[in-house]
Amino acid sequence: MSESASEPVNESVSEPVSESASESAPSTTQPAPPALLIGVRLSAAGEAGELFADAKAIEAAGADSLWVDAVDGDPYVVLAALAAVTWRVRLVARGAPTDVAARETCANLARGRLVVAEESEERWTESAFPASRVAWDELRNASTAAGVTGVVLPNDPRLIDLLRNPDIIEARDDLKLSFG
């Protein structure tokens, strides 16, 4: 995937709004658009303990979902393991095999948090990790304007700071306190 392009992950078709419905209720304020959700793509390659620690930290930082692709192995196995160390985040399998038994076992262990990307009605876009806070703001604004549900980012050491401080742009006055 190129760093400048976003690839749609899953798209849904929205129903047209009838003119009579929009005319019958005059609105003085526009409702705020739904918050852009952040999903994080994890890879099963590497140390299992590190994968579990990353999943817990990403969940604590406020991500909506953890994504595992079939290219990394059986997503149901990885997500079932992640279900044991997380409690809130949605667990998304993408490109998962049609193994009904594995899916049902994972769904049971995930306690209702398992989502199969191809069956979801939500629209997600996948992007490379933003190079800067300005790029992060541009990605969020473009994604919101495009009406997508969320953005899937790869796991990155800078991700936790980005999730916890989404609106801070390069000015980190809190870090200057350590200089005295």
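The structure places CH2 of Trp136 at 11.5 Å from CG of Asn165, a figure rounded to the nearest 0.5 Å. Expressed to the nearest 0.5 Å, how far CG of Asp161 lies from CZ of Arg133 amounts to 4.5 Å. Note that the CG atom of Leu91 and the CG atom of Leu82 stand 6.5 Å from one another [nearest 0.5 Å]. Distance check, rounded to the nearest 0.5 Å: CG of Leu109 to OH of Tyr76 gives 13.5 Å. Rounding to the nearest 0.5 Å places OG of Ser120 at 11.5 Å from CZ of Arg94. Taking CG of Leu139 as the start and CG of Leu36 as the end, the distance is 7.5 Å to the nearest 0.5 Å.
No donor-acceptor pair under 3.5 Å is formed between the side chain of Asp69 and the backbone N or O of Val71. Using a distance-only test at 3.5 Å, with no hydrogens or angles considered, a donor-acceptor pair links the side chain of Thr149 to the main chain of Arg123. The main-chain N or O of Ala96 is never found under 3.5 Å from a side-chain atom of Arg103 such that the two would form a donor-acceptor pair. With Glu59 contributing its side chain and Trp87 its backbone, the two residues share a donor-acceptor pair below 3.5 Å. Under the 3.5 Å distance criterion, the side-chain polar atoms of Arg113 are matched with a main-chain donor or acceptor of Val89.
The two residues Ala55 and Leu66 come nearest to each other via the heavy atoms CB-CD1, 3.8 Å. Leu153 approaches Pro130 most closely through the heavy-atom pair CD2-CD, 4.0 Å. For the pair Ser65 and Val92, the tightest heavy-atom approach, listed with the atom from each and the gap, is CB-CG2, 3.9 Å. Scanning both residues, Arg88 and Asp64, for their nearest heavy atoms gives NH1-CA, 4.3 Å. Of all the heavy atoms in Ala93 and Pro75, the pair that sits closest is CB-CB, 3.9 Å.
For Ala57, the side chain to side chain contact (heavy atoms under 4.5 Å, CB included) test picks out Ile160, with sequence neighbours left out. Among residues two or more places apart in sequence or in another chain, the side chain to side chain contact (heavy atoms under 4.5 Å, CB included) test is passed with Ala107 by Leu114. Arg111 is linked by a side chain to side chain donor-acceptor pair (under 3.5 Å) to nothing, counting only residues two or more places apart in sequence or in another chain. Under the side chain to side chain contact (heavy atoms under 4.5 Å, CB included) criterion, Ala44 pairs with Val78, not counting sequence neighbours. With sequence neighbours left out, the side chain to side chain donor-acceptor pair (under 3.5 Å) criterion links Asp72 to Arg41. Partners of Ala81 by side chain to side chain contact (heavy atoms under 4.5 Å, CB included), not counting sequence neighbours, listed by chain and number: Phe52.
Note: the hydrophobic cluster containing Val77 does not contain Trp67 (ILVMFWY, side chain heavy atoms under 4.5 Å, direct or indirect links).
Using a 4.5 Å heavy-atom cutoff, the side chains of Phe129 and Leu162 are in contact. Counting only heavy atoms from C-beta outward, the side chains of Glu50 and Asp54 approach each other to under 4.5 Å. With a 4.5 Å cut-off on side-chain heavy atoms, Arg90 and Leu37 count as touching.
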